[in-house]
Protein chains: 2
Amino acid sequence: MATGRTHRPATRSRGIPEATVARLPLYLRALTALSERSVPTVSSEELAAAAGVNSAKLRKDFSYLGSYGTRGVGYDVEYLVYQISRELGLTQDWPVVIVGIGNLGAALANYGGFASRGFRVAALIDADPAMAGKPVAGIPVQHTDELEKIISDNGVSIGVIATPAGAAQQVCERLVAAGVTSILNFAPTVLSVPDGVDVRKVDLSIELQILAFHEQRKAGEETEGEAAVPPAAPTGAAAAADGRKGPDGDVPAVMPA
Amino acid sequence: MATGRTHRPATRSRGIPEATVARLPLYLRALTALSERSVPTVSSEELAAAAGVNSAKLRKDFSYLGSYGTRGVGYDVEYLVYQISRELGLTQDWPVVIVGIGNLGAALANYGGFASRGFRVAALIDADPAMAGKPVAGIPVQHTDELEKIISDNGVSIGVIATPAGAAQQVCERLVAAGVTSILNFAPTVLSVPDGVDVRKVDLSIELQILAFHEQRKAGEETEGEAAVPPAAPTGAAAAADGRKGPDGDVPAVMPA
DNA sequence: CGCTGTGAACGGCTTCACAGCT
DNA sequence: AGCTGTGAAGCCGTTCACAGCG
């Protein structure tokens with residue numbers, strides 16, 4: 001079947017839209033900050049500002065969780081923190097393993113944000129025998145051979161892949177076979193997983209490329225002209241005769257300056 | 001203005017939908033792999049599989065760029081690599097600075113995926129004087145005091161923030177004031193930026209929380225039919241029935257172990 | 001009165017299915 | 001015949017604007 005994203009279109013979720021789920025952690029963070037300052041209640045307007053969204057969206061998001069606000073007043077901070085935590089499943093402890101302890105894996109192991117939210121790094125795993133036993137972030141690195149045992153002994157259902165691209169799919173398969181059903185993938189590859197397994201990917205270079213796209217447009221906005229550069233001649237058989245379309249004919253050359 | 005996300009709903013882009021832009025890097029990667037294997041052409045079906053999307057989506061995405069395929073044949077790999085690279089602005093060199101050289105910043109500096117795609121790490125910046133001069137990934141770390149000079153000397157328009165959350169907003173403001181107009185933020189904070197500045201955020205703990213949400217639902221699914229929650233949001237009347245709204249101890253700890 | 005909760009309108013993205021070119 | 005390119009339909013998420021409750 002397909003690769004990458006494993007949403008769940010079939011299983012009638014429970015009514016909470018994916019887009020809303022993705023914002024709950026944001027609200028939770030803002031609420032936690034308020035909680036630490038002992039603020040008792042917030043209005044949707046204030047909380048929305050703190051979370052960087054607009055208030056209508058926030059109210060609609062919360063409406064999927066239930067009626068947790070008080071009209072004329074706002075939301076009770078502590079109560080909402082609890083409800084969102086519960087909804088996200090953060091009232092329980094999630095053991096995670098990190099596979100691939102290079103620069104990035106080590107950074108992840110050291111990242112404080114995990115531990116603070118119910119995630120516990122149960123093990124660090126690397127294929128390099130020389131790494132075995134070496135402590136990273138206070139946790140000894142274990143060899144890949146132990147992967148299956150570690151997963152099952154610790155009841156791990158969430159795995160983080162921080163290996164090179166070439167190793168990722170194989171690691172993924174071993175994780176899944178051992179019982180992992182959620183994967184956070186930092187390797188720049190598309191992972192194939194069976195149904196029922198969720199994959200989220202974080203790809204640093206993709207993010208930069210998206211920024212570059214917008215950046216380019218900004219730059220072009222003032223100057224713009226940007227001729228259609230002659231492409232590196234298609235080596236393919238079919239395209240031999242140049243007659244390419246590109247910024248001719250039906251293509252809307254450039255934006256309205 | 002608002003915070004966080006700085007799309008651009010106003011500026012009549014150039015017709016390429018944001019969702020499409022976000023996938024172009026994915027296609028580019030798949031195409032690059034094909035190119036390295038000297039594959040001359042691909043069909044939308046094959047390429048879509050390699051990129052982990054469906055073929056109709058891919059064809060529609062490409063249609064925004066122009067008519068780059070050949071009916072009955074497919075797409076010329078080399079040609080498409082060039083076109084997408086150009087569209088993304090990767091035919092030029094983008095100097096970036098990384099601010100905050102902790103574990104994560106160092107990992108980013110070492111990350112090969114940047115250099116390979118037209119991004120050049122122009123400088124590493126950290127607030128810790130003890131770091132100054134120390135080479136990370138072969139590049140000497142410079143002190144924050146130099147930030148403005150570095151940005152302007154190198155014509156940097158893209159900045160990466162990998163500082164602790166507390167420092168991020170201030171660093172952001174200095175970057176923007178110095179001329180940076182695109183920011184990739186790894187700090188777990190909502191950044192406020194003026195119009196015209198793009199921010200993308202990568203938040204590790206948010207990704208895990210989203211996975212935890214789905215993971216929790218999976219667990220509840222097998223255990224039983226899960227509490228009979230109304231599929232849609234409860235209306236005012238229904239809310240009264242399950243007596244929520246009590247910040248005091250009577251909160252029902254649903255959650256099948 | 002103030003602020004939440006939400007139906008309804010809107011806009012963007014995805015999917016379908018087939019016309020049209022090679 | 002094969003595969004791209006695209007109108008049209010459907011779906012999902014966002015925004016609006018106001019009813020409803022405290």
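Each chain gets a letter, A, B and so on, in the order its sequence line appears, and its residues count up from 1. Small disclaimer: the values here were computed from a predicted structure and weren't measured.
- Counting heavy atoms from C-beta on, the side chains of Tyr75(A) and Leu58(A) come closer than 4.5 Å.
- Minimum atom distance to the side chain of Lys57(B) is reached by dT14(C), of the listed dC13(C), dT14(C), dC16(C).
- When Tyr27(B), Phe62(B), Tyr79(B) are each tested for a ring-ring contact (aromatic ring centres under 6.0 Å, His included) with Tyr68(B), only one passes: Tyr79(B).
- OP1 and OP2 of dT15(C) both lie 4.0 Å or more from every side-chain N or O belonging to Lys60(B).
- Residue Ser44(A) places none of its side-chain N or O atoms closer than 4.0 Å to OP1 or OP2 of dC3(C).
- Mapping Gly72(A) and Arg59(A) onto DNA chain D by nearest heavy atom places Arg59(A) closer to the 5' end of the strand.
- Remark: Asp203(A) CG to Thr189(A) OG1 distance equals 8.5 Å, nearest 0.5 Å.
- For Gln92(B), the CD atom sits in a packed shell: over 12 heavy atoms of surrounding residues, nucleotides or ligands are nearer than 6.0 Å.
- Donor-acceptor pairing under 3.5 Å is recorded for the side chains of Arg59(B) and Ser44(B).
- For the pair Tyr68(B) and dC3(D), the criterion of a side-chain N or O lying under 4.0 Å from OP1 or OP2 is not met.
- Taking the nucleotide of DNA chain D with the nearest heavy atom to each of Asn54(A) and Gly74(B), the more 5' of the two is matched to Gly74(B).
- At whole-Å resolution of the value, CG in Leu47(B) and C1' in dC3(D) are 14 Å apart.
- Residue Tyr64(B) places none of its side-chain N or O atoms closer than 4.0 Å to OP1 or OP2 of dT14(C).
- Counting distance only, with no hydrogens placed and no angle test, the side-chain atoms of Arg71(B) and the base atoms of dG20(C) include a donor-acceptor pair under 3.5 Å.
- At whole-Å resolution of the value, CG in Asp61(B) and C1' in dT14(C) are 10 Å apart.
- Here Phe62(B) lies out of heavy-atom contact (under 4.0 Å) with every strand.
- Atom pair Leu65(A):CG and dG5(C):P shows a separation of 10 Å (rounding to whole Å applied).
- Nearest nucleotide to the side chain of Tyr75(B), out of dT22(C), dT14(C), dG5(D): dG5(D).
- One can place CD1 of Ile16(A) at 15 Å from C1' of dG13(D), the figure rounded to the nearest angstrom.
- The CG atom of Leu58(A) sits 10 Å away from the P atom of dG5(C) (whole-angstrom rounding).
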